[in-house]
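Below is one structure; the comments refer to it alone.
Note that the structure is a prediction, hence the values are computed from the model and not measured.
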Amino acid sequence: MDINSHAIQALQVLRQQEKFIEDKQLFYSGAPDEATRKKVEAIINKTLYFLIAAKSEQFTEAQFWAVLEFVASQFASMDSEEMDRALGYMEQMMQIVGIESSQGRLNEWRYRFDPEVLW
């Protein structure tokens, strides 16, 4: 994991983007209403702010996963579409900081098990 100046810049760009809006490429119709959209966008933006503010030499990969697990828990009671989209944003965060695999964590948070383990 590497939260360097390039990663921070990419995280800032992601933070500035409007989130949970319709994305036909992802087959995501957008949040059900503007209040929900703002609520879930705020959760993702707070996460991005936290990652941007973290001092990379002191922030570990274990801490990164703890933060994302907490975020996933906030989406667990929401519509599956918002949870799926939130996990997509988490995947973007992973790519930005150089983490190639969640090692089943995202599937565990989404489905409560890792379907890849079954195969």
Side-chain angles (χ1 to χ4, degrees):
M1 183 176 86
D2 188 14
I3 303 179
N4 58 35
S5 61
H6 296 293
I8 289 172
Q9 184 178 8
L11 291 168
Q12 288 171 333
V13 167
L14 180 57
R15 186 168 183 259
Q16 293 170 357
Q17 294 173 354
E18 190 174 27
K19 295 166 193 66
F20 296 93
I21 58 174
E22 181 179 19
D23 188 329
K24 292 182 181 184
Q25 289 180 329
L26 297 174
F27 304 103
Y28 177 64
S29 61
D33 55 60
E34 186 61 13
T36 301
R37 191 196 70 73
K38 286 183 176 185
K39 176 182 175 182
V40 292
E41 180 179 70
I43 294 169
I44 295 298
N45 283 345
K46 285 178 188 176
T47 306
L48 289 162
Y49 179 79
F50 185 84
L51 294 176
I52 292 164
K55 296 190 186 307
S56 64
E57 66 275 359
Q58 297 172 347
F59 194 71
T60 67
E61 189 170 332
Q63 290 170 318
F64 175 85
W65 288 118
V67 168
L68 264 57
E69 183 173 18
F70 175 74
V71 172
S73 73
Q74 293 182 329
F75 282 89
S77 64
M78 295 184 189
D79 288 343
S80 60
E81 291 83 5
E82 277 60 64
M83 175 59 136
D84 289 341
R85 190 65 191 104
L87 291 171
Y89 289 119
M90 290 181 207
E91 286 178 331
Q92 286 181 269
M93 292 176 213
M94 289 169 47
Q95 290 172 346
I96 290 169
V97 300
I99 296 175
E100 293 183 21
S101 170
S102 74
Q103 298 178 332
R105 287 178 182 94
L106 299 181
N107 283 327
E108 184 71 35
W109 298 337
R110 174 62 177 94
Y111 303 109
R112 301 292 176 227
F113 69 95
D114 184 357
E116 291 185 18
V117 173
L118 298 177
W119 309 108

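- Looking at residues two or more places apart in sequence or on another chain, you find a ring pair (Phe, Tyr, Trp, His ring centres under 6.0 Å) between Y89 and F20.
- Annotation for S80 and R110: closest pair CB-NH2, 3.1 Å, computed over non-hydrogen atoms.
- Within the 4.5 Å cutoff, the side chain of S102 has no heavy atoms near those of the E91 side chain.
- In this view, E82 satisfies the salt bridge (charged side-chain N to carboxylate O under 4.0 Å, His left out) rule with no residue, not counting sequence neighbours.
- The shortest distance between side-chain heavy atoms of R85 and F75 does not fall below 4.5 Å.
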- [ ] Could you check F59 against V97 for side chain to side chain contact (heavy atoms under 4.5 Å, CB included), going step by step and ending with a plain yes or no?
- [x] CA-CA 11 Å; F59 194 71; V97 300; over 6 Å; no
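- More than 12 heavy atoms of other residues, nucleotides or ligands shown are found within 6.0 angstrom of CD on E34.
- Side-chain polar atoms of E61 and W65 form a donor-acceptor pair below 3.5 angstrom.
- Residues T47 and F70 are not in side-chain contact: their nearest non-hydrogen atoms beyond the backbone lie 4.5 Å or more apart.
- Of the inter-residue distances, the one linking I96 atom CD1 with D2 atom CG reads 12.5 Å to the nearest 0.5 angstrom.
- No chain of hydrophobic side-chain contacts below 4.5 Å, direct or via other Ile, Leu, Val, Met, Phe, Trp or Tyr residues, connects Y49 to M1.
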Under 3.5 Å, side-chain donor or acceptor atoms of residues 6-17 against the rest of the protein: list the pairs with distances, not counting sequence neighbours.
from, atom 1, to, atom 2, distance (Å)
R15, NE, N45, O, 3.3

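- Listed for the E41 side chain is a donor-acceptor partner under 3.5 Å among the backbone atoms of K19.
- For the pair T36/M78, no side-chain contact is recorded, criterion being any heavy-atom separation below 4.5 Å from C-beta on.
- Contact record, I21 with Y28: O-CD2, 3.3 Å, taken as the closest heavy-atom pair.
- In terms of modelled atom types and a separation under 3.5 Å, the side chain of D79 and the main chain of E81 share no donor-acceptor contact.
- Once rounded to the nearest 0.5 Å, the distance linking CD1 of I3 with CD of Q58 reads 11.5 Å.
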Open item on the list: Let's go through E18 and R37 carefully: what are the C-alpha distance in whole Å and the side-chain angles of both, what is the deciding distance for side chain to side chain contact (heavy atoms under 4.5 Å, CB included) to 0.1 Å, and is it a yes or a no?
Closed with: CA-CA 9 Å; E18 190 174 27; R37 191 196 70 73; 3.4 Å; yes
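- Between I43 atom CD1 and K38 atom NZ the span is 15.0 Å, to the nearest 0.5 Å.
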- [ ] Assess whether side chain to side chain contact (heavy atoms under 4.5 Å, CB included) is satisfied between W109 and L68, documenting all intermediate values.
- [x] CA-CA 10 Å; W109 298 337; L68 264 57; 3.8 Å; yes
